[in-house]
Amino acid sequence: MRPEHEALIVVDIQNDFCPGGLLAVADGDAIIPSVNALLDDFPVRVLTQDWHPANHLSFAANHPGAQPFSLTQMPYGPQVLWPVHCVQGTDGAAFHRELRTGPADLVIRKGFRPQIDSYSAFFENDHKTPTGLEGYLRNRGVTHLTLVGLATDFCVAYSAVDAARLGFSVTVLEGACRAIDLNGSLAQARADMRAAGVTLKD
Ligand code: VGL
Ligand code: ZN
């Protein structure tokens, strides 16, 4: 068991990000056995859950004429328009049934405001609106974070960069992550994480 100040953050291991889901990440479910094993090593365990209303503005379907995976401008900056995914209460938004959710101390939901997306577990995509996770971790005396999950180049990377900027010591276990890799997004995300001081490990 790791010391009391270490938390494991398990990002978005939900049906829609796994094979057969609406925004499937290649081999997304392949990480589940390693993540399940890691849950036993950490005294603080947090799961994140992408949790969108059906009218969410990150969905291409809510922008007439727009194609999934195209880019648009939002008041807070550029935004990829995604296929509909992780709609609140649907089976696609549920955690993958093989993920051991029992050991989790906290489930943090994100992306529930219709007008703004939230890749990071710490801030929405305006980089200002907090989710509350920082306060939870600090209250529990956590200083070191290990991140795993889906997708490496979006929710994992955004969470890792924000956490490092907030002053946490951050490691991403890439072997327990899988990427979407849209137009070079994985290479960009790895560079951004390294620049923010995140440690990338296998
Ligand atoms: C994610 C795209 C849209 C993720 C969530 O979990 O990485 N990616 N919503
Ligand atoms: Zn989403």
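Below, all heavy atoms of this structure are taken into account, side chains as well, without hydrogens, waters or symmetry copies. Every value quoted in this text rests on a predicted model; they were computed, and no experiment measured them. This chain uses plain numbering: 1 for the first residue, then up along the sequence. When a ligand or atom number is given, it counts from 1 through the structure's own listing order.
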Next on the checklist: Test side chain to side chain donor-acceptor pair (under 3.5 Å) on Asp12 and Gln49; report intermediate values, then the result.
Outcome noted: CA-CA 5 Å; Asp12 298 0; Gln49 192 172 26; over 6 Å; no
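- Closer than 2.8 Å to the Zn ion (ligand 2) sit the protein N, O or S atoms Asp50 OD2, His52 NE2, His85 NE2.
- Taking the charged nitrogens against the carboxylate oxygens, Glu174 and Lys201 have no contact shorter than 4.0 Å, which rules out a salt bridge.
- Using modelled atom types, no side-chain atom of His52 and backbone atom of Gln88 make a donor-acceptor pair closer than 3.5 Å.
- Ionic pairing of Arg190 and Asp153 is not present here: no N-O contact between side-chain nitrogen and carboxylate oxygen is shorter than 4.0 angstrom.
- Taking 4.0 Å as the cut-off between side-chain N and carboxylate O, Glu4 and Arg140 do not count as a salt-bridged pair.
- No salt bridge links Asp117 with Lys110; every basic N to acidic carboxylate O contact stays at or beyond 4.0 Å.
- Other residues, nucleotides and ligands contribute over 12 non-hydrogen atoms within 6.0 Å of the CZ atom of Arg138.
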Identify all pairs of nitrogen or oxygen atoms, one from ligand 1 and one from the protein, separated by less than 3.5 Å, and list them with distances.
residue: ligand 1; atom: 6 (O); partner: Asp12; partner atom: OD2; Å: 2.6
residue: ligand 1; atom: 6 (O); partner: Leu150; partner atom: O; Å: 3.3
residue: ligand 1; atom: 7 (O); partner: Ala151; partner atom: N; Å: 3.0
residue: ligand 1; atom: 7 (O); partner: Cys155; partner atom: N; Å: 3.0
residue: ligand 1; atom: 9 (N); partner: Asp50; partner atom: OD2; Å: 3.1
residue: ligand 1; atom: 9 (N); partner: His85; partner atom: NE2; Å: 3.1

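- Side chains of Pro19 and Asp27 form no contact here, defined as non-hydrogen atoms less than 4.5 Å apart.
- Around CD of Glu98, the count of heavy atoms belonging to other residues, nucleotides or ligands within 6.0 Å exceeds 12.
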